[in-house]
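The next block holds one structure in the form of structure tokens; read it before the comments.
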Amino acid sequence: MTTPRVRCKNISKRFRLGDHHESLGDLIAAGIRKLIRPRPCGRRQAGDDGALLWAVRNLEFSVQPGEALGVIGPNGAGKSTLLRLLAGILRPDEGDLEVQGRVTALIEVGAGFHGDLTGRENIYLNGAILGMSRAEVRRKLDAIVDFAGIGRFLDEPVKRYSSGMYARLGFGIAAHVDPDVLLVDEVLSVGDAVFRLRCMEHMRRLLREGVALVFVSHQLDQVQSICERALVLEAGRCAFDGPSREAVAQYLTAMSYGFAARPTDLTATDQRDPVVADCQLRFLDERGDEVVWIRADRPLWAELQLRLRRPVQNLIVELNLRASPQENLLSFNSGRSGKTLDFGVGEHTIILNVPRVPLAGGQYFWNVRAWDADQSVTLLDTPLRFPMVVDDGGKATGKLVLEHSWHVDPTQSADGAQSETPGTTGVRYAVEESSLAIAAP
Amino acid sequence: MVGTFNRLGWCSALTELLRFRCLLLSLTRRDLRVRYAQSMLGIAWAVLQPFSMMLVFTFVFTRAVVGTSLALDENLPYSLYAYAGLVPWTFFSSSLNNCLNSLVANRNLVTKVYFPREVLPLSCVAGSLVDFCVAMSVLFLLGLYFHWTGQFTPDVGPAVGFLPLIVLIQLGLTAGLGMILAAANLFYRDVRPIFGVVIPLWMFLSNVVVPVRSDGSVFASIIAWNPLLSLISAYRDCLLHGRVPQASGMLYACVASVLTFIGGWAIFRRASYRFAERI
């Protein structure tokens, strides 16, 4: 077994909240207080402990050359702090940290760019900041410019660059450092889709060359596609360390429980007295077991639980499937499906069945809405979407998958022997109706 | 092998700094480019700053103020005296002023990229050194001018050879103080206004534009502890008078410089682990 490039042994990092001597006045005052009362009384000590935040707590992992480790977790879980520790920007308060070789951290693209300098000058400057010599930058200049695609803007001051160009140049420089350890923090969210793909491709190439990669991202599909292993951080602690698929599932499960635990967030209608007291959405497989990971091309049962505070006649429920918070892919509307829902007070379970999930692999969100159709009042519109991950074994790209097949026209084919049976149409679409079922309350 | 946190040792600190010497040059180049890029006079400001100060002090002390007897030397015009003091002084004060801000102004770098943080204040000193060299060359032109008007007989001798040593001593002193100030200003922003008060006082205690008293009084002996005093006198000795600088003063400045540099660097390195979280 090769020696790991990154080895963390039980590292912790704490931050002190408040109680900073931000000015000399505070420092002098604190000094005088210490002189007057040299021994801190119990109250002060308690205050000191209370103001500590463990941004990273007892993390233990290592990364081998050629290995990609994903780090996922909610905001404030300590992902960026961890990356800064690895980069040497921060120092762990406890534990041992060993990083071998040249470390390049992409914590913010274009950190250190100076707006008044041209792209070329910034390449030299940023290269130097990342530890490259001038000769090394000169050698790689063409490759960097090519990668960033800034071409004729090379000798323009970067303050005139678009934000995309800025980001591309920043990543382009960092990508050409030839690091032994590459730390990437949520930087691929900038730039267009083509550039993102190019970055992913570049990182894969670096991995093949034996670079150790630590990749922090909220784009769970990116983490899955590039990392075999991932850490889930929660409040600075490691909640899971294992295959990235399972890590994403684990994270999403934790996240959806986190959502369900806050029903006030879900009933986002501005009613004083919400009719819908609670709303939960679970996904079930054929056996009726709850799943977070949905298999494409298989049946899906989405189980919606509503708790009503007063009876509603003619309730309409709509489930919206979104690929991103803004982009609505599909809507399932009980009213349009011709299902009349008359509910009394209490818990109700509605199950949406889709016989075959027509989705490509990736992350999706559900938004739940409900109306009282008789009185045209919106009862529920969840602002936080329930996450769902679809696994299709990497067969499709995009979002939707329609049943289809490919054929070659034998009359125009040069080599008729390879052609398919004549007579079939080019693409066959199969549309299957979704159905709604109501379980007894 | 580079253990990320075994960097306290002097040896590794030095090798690391050497590894990032390109960064030092690049940052210096950036500072100079940015400072002079959008100004019409460009690098001429490196000369104009001490030169205009020289004009101001010449006007004040030889024309405007009564009762000052600045008969320093029959053979030395006041303008030349003042400029020879103002150039190294500007080097010192503008270096420190830039160092003071160097970490805070580059917050983005300090919190987002790893590199030896010493590079930031050191590049400020290096940038001011370039200005200093440009301004120094004008001293030569000024000497020629006064020689041409007959007010000054240049006495250039082998003593000029001391100039690099004097500059080196000043560099050490400036870099050491600059690192302390940069770190201090990061933690306590009050350092800046305090610095603004101290620096003019320091100027008048360093023989820059007027000689300080050297009459053996208690006050004079306190002032004599100022290493800048010996340094600025040494500049004049070797450039204007063709004299070898006073040995005791040079030795004292040299020791002060080495101690300040090592002490300043040690303080800076110790503090640098907290920079990213406290900036």
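Letters go in sequence order (proteins before strands), and every chain restarts at 1. From a predicted model like this one, the values you see are computed outputs, not experimental measurements.
Neither the backbone nor the side chain of Ser272(B) comes within contact range of chain A; no heavy atoms are under 4.5 Å apart. Residue Val119(B) does not touch chain A at all, counting heavy-atom pairs closer than 4.5 Å. If you measure heavy-atom distances from Arg21(B) to chain A, you find no contacts under 4.5 Å at all. Only the side chain of Leu117(A) comes within contact range of chain B, with heavy atoms under 4.5 Å apart.
Contact detail for Asp93(A) and Arg274(B): the closest heavy-atom pair is OD1-NH2, 3.5 Å. What you find for Asn108(B) and Ala111(A) is that their closest heavy atoms are ND2-CA, 4.1 Å. Contact detail for Ser26(B) and Tyr124(A): the closest heavy-atom pair is OG-O, 4.1 Å. In plain terms, the two heavy atoms of Ala276(B) and Ile89(A) that are nearest each other are CB-CG2, 3.4 Å.
Rounding to the nearest 0.5 Å gives a distance of 6.5 Å between CZ of Arg33(B) and OG1 of Thr118(A). A distance of 8.5 Å separates CZ of Arg134(A) from CG of Leu25(B), quoted to the nearest 0.5 Å. Summarising the geometry, atom CZ belonging to Phe20(B) is positioned 8.5 Å from atom CG belonging to Leu130(A); distances are rounded to the nearest 0.5 Å. One distance of note links CZ of Arg30(B) with CG of Asn126(A); it measures 10.5 Å at 0.5 Å rounding. Leu27(B) contributes atom CG, which lies 5.5 Å from atom CD1 of Ile129(A) (distance to the nearest 0.5 angstrom). Atom-to-atom distance recorded for Glu277(B):CD and Lys13(A):NZ is 3.5 Å, nearest 0.5 angstrom.
Counting heavy-atom pairs closer than 4.5 Å to chain B, the top-ranked of the candidates Met132(A), Glu108(A), Arg102(A) is Glu108(A).
Under a cut-off of 6.0 angstrom, the local environment of CD in Glu136(A) is crowded, with over 12 non-hydrogen atoms contributed by other residues, nucleotides or ligands. Counting non-hydrogen atoms of other residues, nucleotides and ligands closer than 6.0 Å to CH2 of Trp45(B) gives a total of 12 or fewer.
Here the side chains of Arg84(A) and Thr111(B) are in contact, with some heavy-atom distance below 4.5 Å.
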